[in-house]
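One structure is given below, encoded as structure tokens.
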Amino acid sequence: MSKDTNIFNDSFNRSILSRDPSVSVPPSPTQEYDDFGNSNSLRVGIAIHRAEAGFAMRVNTIPKFLEINRRFLSQVTYTLPIEPKDRSLIDQKAQISSDTVIGESTQISERTTVKKSVIGRHCVIGKMAKIVGCVLLDHCVVEDGAKLEGCILGKNTKIGSKAELSRCVTQAGYEVEAGETFKGEKLDVSDWTAAVGREETRDGEGSDA
């Protein structure tokens with residue numbers, strides 16, 4: 001069969017199928033290329049991970065982010081920092097479970113309990129706080145008596161004294177007032193322009209004085 005005959009048959013078959021509404025004709029994979037001169041219709045990404053290299057997981061949601069941190073904790077054992085400056089920041093009366101990771105230059109105050117959690121660098125955890133199953137990114141502050149369970153705190157989050165959060169996610173820079181309670185919520189910095197306005201007002205009052 002000649003090449004011209006093949007082309008004719010293909011065109012004829014498509015014309016017949018297009019007249020029948022019960023038959024679905026798949027689009028040509030080169031149609032976009034033919035119409036616009038370039039093709040973005042097919043993009044394929046491949047990630048290759050050797051099994052002997054350890055555990056791998058795609059993290060594209062917050063629950064998966066928390067899950068992979070918990071899996072990581074099952075493979076580590078916490079020990080006190082080697083560096084004297086970091087070791088001095090961990091109070092002797094603090095209770096830190098072995099399945100916990102504490103970042104460098106992070107302070108853990110006395111009678112605070114940390115279990116099954118990842119705490120980033122340069123964080124400050126006050127006295128008698130309780131942190132269980134959480135992930136705290138860098139530069140977070142948890143004041144005295146606060147309780148966190150199953151939470152993810154964005155960078156520079158501040159938790160006021162005796163505040164209680166359960167299964168919450170905070171946006172970077174969010175501040176929880178002292179004594180506030182949240183459960184299963186996503187806490188965003190929605191009114192940051194008002195906060196800037198308040199700061200400018202304070203600066204103006206200070207300059208007048």
Side-chain angles (χ1 to χ4, degrees), residues 55-76 78 80-83 85-91 94 96-97 99-110 112-200 202-203:
F55 174 77
M57 179 179 178
R58 181 183 181 187
V59 179
N60 57 352
T61 64
I62 291 176
K64 286 186 177 180
F65 174 74
L66 191 58
E67 179 183 349
I68 198 170
N69 274 276
R70 288 173 174 170
R71 291 201 181 197
F72 171 72
L73 290 176
S74 66
Q75 303 174 10
V76 301
Y78 174 77
L80 289 172
I82 300 176
E83 294 292 332
K85 65 175 184 178
D86 290 335
R87 192 183 186 96
S88 64
L89 295 174
I90 308 297
D91 192 272
I96 303 174
S97 66
D99 51 356
T100 291
V101 174
I102 306 293
E104 63 180 13
S105 301
T106 286
Q107 177 182 343
I108 309 292
S109 302
E110 62 178 306
T112 282
T113 300
V114 182
K115 296 181 179 180
K116 300 180 180 180
S117 298
V118 178
I119 299 182
R121 300 172 297 174
H122 305 284
C123 294
V124 178
I125 312 300
K127 301 177 182 179
M128 300 180 68
K130 186 176 181 180
I131 302 173
V132 179
C134 298
V135 178
L136 280 63
L137 301 187
D138 298 344
H139 301 283
C140 288
V141 176
V142 179
E143 295 186 346
D144 298 350
K147 296 181 180 180
L148 306 176
E149 182 178 356
C151 297
I152 301 176
L153 305 188
K155 288 184 178 181
N156 298 297
T157 294
K158 181 179 179 181
I159 307 298
S161 61
K162 296 184 178 180
E164 297 186 14
L165 275 69
S166 176
R167 299 189 303 278
C168 292
V169 178
T170 68
Q171 187 181 15
Y174 191 88
E175 295 188 12
V176 176
E177 299 294 334
E180 286 189 322
T181 300
F182 295 99
K183 184 175 181 180
E185 295 190 33
K186 183 179 180 182
L187 306 175
D188 297 330
V189 184
S190 57
D191 196 16
W192 60 272
T193 53
V196 173
R198 288 195 296 269
E199 291 297 329
E200 292 177 350
R202 292 172 185 171
D203 293 341

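All heavy atoms count here, side chains included; hydrogens, waters and symmetry mates do not. Numbering starts at 1 and runs along the sequence shown.
Between Tyr174 and Asp188, the closest heavy-atom pair is CE1-O, 3.2 Å.
Every residue meeting the side-chain hydrogen bond (donor to acceptor under 3.5 Å, both in side chains) condition with Thr100, not counting sequence neighbours, appears here in chain and number order: Ser97. When the side chain to side chain contact (heavy atoms under 4.5 Å, CB included) test is applied to Ile90, the partners found at least two apart in sequence or on another chain are Tyr78, Leu80, Pro81, Ile96, Ile102, Ile108.
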Acceptor/donor pairs from residues 145-162 side chains to any protein atom, 3.5 angstrom cut, sequence neighbours excluded:
residue	atom	partner	partner atom	Å
Thr157	OG1	Gly154	N	3.4
Thr157	OG1	Gly154	O	2.7
Thr157	OG1	Thr170	OG1	2.9

Show me the donor-acceptor pairs within less than 3.5 Å that the side chains of residues 116-133 make with the rest of the protein, sequence neighbours left out.
residue	atom	partner	partner atom	Å
Ser117	OG	Lys115	O	2.8
Ser117	OG	Gly133	N	3.1
Ser117	OG	Cys134	N	3.0
Arg121	NH2	Asp138	OD2	3.2

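Among pairs with a residue in residues 170-186, none fulfils salt bridge (charged side-chain N to carboxylate O under 4.0 Å, His left out), at least two apart in sequence or across chains.
Remark: the backbone N or O of Asp91 is not paired with any side-chain donor or acceptor of Glu110 at under 3.5 angstrom.
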